[in-house]
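What follows is a short report on a single structure.
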Amino acid sequence: MKTNNKLIVITGASSGFGLELAKEFAKDGYPLLLLARRIEKMEALNLPNTLCKKVDVTNKEAFEKAIREAEAVYGKTDLIVNNAGVMLLGDLATQNPAEWKTMLDVNVMGVMHGMQIVMNDMKERNHGTIINLSSIAGVQPFENHAAYCASKYGVTGLTRVARGEMSPFNVRVLSIMPGAVNTELLGHTTDQEIIDNYNTWKSAVGAVNITANDVAKTIKYAYELPQAVSLREIIITDTKQDS
Ligand code: NDP
């Protein structure tokens with residue numbers, strides 16, 4: 001545990017990785033700002049030293065306002081985990097472009113908003129960490145993932161560029177690339193056959209044992225390494241995942 005705990009901002013903290021991260025960091029007394037649209041899920045955690053705000057990450061103004069409010073209470077952001085994301089799987093030839101836009105807006109624009117809100121202060125302080133949730137689908141293709149891959153390859157690319165921009169200022173910029181992990185993520189896909197096929201594949205290969213908490217603990221580990229150590233990219237999957 002770090003002795004001088006500073007503010008941690010987690011987007012998408014109402015379920016999955018973000019919710020597990022909030023619980024893990026809270027155990028060690030970090031002050032937290034939790035952001036998502038379902039504020040009741042975050043408030044129900046009842047974590048100490050924690051502000052919860054109903055924020056859609058596509059709305060940069062609201063996103064920034066929430067962070068500035070938290071910083072007025074806890075001091076400047078030392079870590080932002082740009083975790084909020086959506087996965088709407090579909091066949092490129094037939095999928096509704098509105099679903100592509102949702103993914104690009106949340107997964108790419110939302111991450112860039114979060115980065116820009118904290119970057120300048122981090123540069124000034126020569127300290128800070130930005131962790132973006134990409135995906136294994138941000139480095140390799142998967143069936144029915146065209147628009148999701150576009151968004152996550154985007155996160156991988158923009159994170160690599162930002163790492164170069166921020167390294168002279170001693171600011172770490174990392175990306176986490178998980179494989180399939182059971183959370184609410186798949187449930188938003190609107191094509192039931194694609195959901196069923198995805199679940200059938202996961203069960204057939206046995207890639208069902210890694211948990212959201214395993215991913216959260218890995219992210220916390222990367223953050224708690226000394227500031228001079230940058231675990232730039234982490235691909236983390238169930239040992240049995242075959243692709
Ligand atoms: P969940 O669906 O469980 O959680 C997603 C979170 O994002 C929720 O808290 C949701 O909150 C939030 N969110 C979605 N849209 C918005 C928005 N517009 N504004 C603010 N918050 C939003 O999924 P995971 O925990 O699995 O996913 C977390 C991240 O990890 C995502 O970026 C995902 O792409 C990535 N990932 C997940 C993998 C997996 O297999 N689970 C694999 C690889 C990457 P709310 O709806 O309340 O706003």
Side-chain angles (χ1 to χ4, degrees), residues 9-24 32-45 52-64 66-67 80-89 98-99 101-114 117 131-142 145 147-156 158-159 174-189 195 198-199 201-202 205 207-219 233-238 241 243:
V9 178
I10 302 170
T11 71
S14 61
S15 76
F17 302 159
L19 186 145
E20 292 300 321
L21 262 178
K23 291 197 288 192
E24 286 301 319
L32 300 176
L33 171 63
L34 306 183
L35 304 175
R37 293 163 303 173
R38 290 170 299 169
I39 190 167
E40 65 287 353
K41 299 252 182 196
M42 300 182 290
E43 286 178 343
L45 295 171
C52 303
K53 300 275 181 190
K54 181 183 170 77
V55 164
D56 183 324
V57 293
T58 63
N59 180 341
K60 182 162 183 256
E61 206 172 293
F63 195 172
E64 178 150 21
I67 290 184
I80 185 166
V81 187
N82 287 305
N83 164 75
V86 279
M87 181 175 78
L88 306 169
L89 302 182
E99 295 194 347
K101 181 161 168 35
T102 301
M103 280 184 281
L104 293 168
D105 283 349
V106 178
N107 299 0
V108 179
M109 293 299 288
V111 168
M112 293 174 89
H113 288 159
I117 292 165
I131 300 183
N132 296 334
L133 264 291
S134 178
S135 167
I136 195 168
V139 281
Q140 68 182 68
F142 291 90
H145 281 59
Y148 185 69
C149 275
S151 73
K152 291 300 185 179
Y153 271 71
V155 174
T156 301
L158 73 89
T159 305
L174 318 182
S175 58
I176 312 296
M177 300 155 168
V181 182
N182 203 20
T183 65
E184 293 181 14
L185 192 72
L186 180 63
H188 302 294
T189 288
I195 295 181
Y198 191 100
N199 283 328
W201 159 74
K202 260 199 323 190
V205 298
V208 292
N209 293 314
I210 190 170
T211 66
N213 185 262
D214 294 324
V215 176
K217 282 189 173 134
T218 304
I219 293 171
E233 293 182 347
I234 303 172
I235 297 180
I236 172 172
T237 71
D238 191 292
Q241 180 164 344
S243 57

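Atoms within each ligand, like the ligands themselves, are counted from 1 in listed order.
At a 4.0 Å heavy-atom cut-off, ligand 1 touches Lys152 through the side chain alone.
The heavy atom nearest to atom 44 (C) of ligand 1, out of those in Ala207, Ser134, Gly187, Gly85, is found in Ser134. The heavy atom nearest to atom 46 (O) of ligand 1, out of those in Met109, Gln241, Glu184, Arg37, is found in Arg37.
Residues meeting the salt bridge (charged side-chain N to carboxylate O under 4.0 Å, His left out) test with Arg38, sequence neighbours left out: Glu184.
For atom 24 (P) of ligand 1, the nearest protein heavy atom (residue, atom name, distance) is Thr183 OG1, 3.5 Å. The nearest protein atom to atom 11 (O) of ligand 1, hydrogens excluded, is given as Ser14 OG, 2.8 Å; this is a heavy-atom distance. Of all protein heavy atoms, the one lying nearest to atom 40 (O) of ligand 1 is Val181 N, 2.8 Å. Protein heavy atom at the shortest distance from atom 29 (C) of ligand 1 is Asn83 O, 3.0 Å. Of the protein's non-hydrogen atoms, Gly12 CA, 3.5 Å is the one closest to atom 12 (C) of ligand 1. At the shortest separation from atom 22 (C) of ligand 1 among protein heavy atoms lies Ala84 CB, 3.6 Å.
Using a 4.0 angstrom heavy-atom cutoff, Ala212 does not count as in contact with ligand 1.
Every atom of ligand 1 with a heavy atom of Pro178 under 4.0 Å away is listed here by number and element: 42 (C), 43 (C), 44 (C). Those atoms of ligand 1 that come under 4.0 Å of a heavy atom in Ala13, given as number and element, are 9 (O). When each atom of ligand 1 is checked for a heavy atom of Gly16 under 4.0 Å away, the hits are 3 (O), 25 (O).
Of the listed residues (Val111, Asn83, Ile176, Val81), just one forms a side-chain contact (heavy atoms from CB on, under 4.5 Å) with Asn132, and that residue is Val111.
Note: His113 and Phe63 have perpendicular aromatic rings, judged against thresholds of 30 and 60 degrees for the angle between ring planes.
The closest donor-acceptor contact from the side chain of Thr189 to the backbone of Met87 lies under 3.5 Å.
Atom-to-atom distance recorded for Glu43:CD and Ser14:OG is 11.5 Å, nearest 0.5 angstrom.
A 6.0 Å sphere centred on CD of Glu40 holds more than 12 heavy atoms belonging to other residues, nucleotides or ligands.
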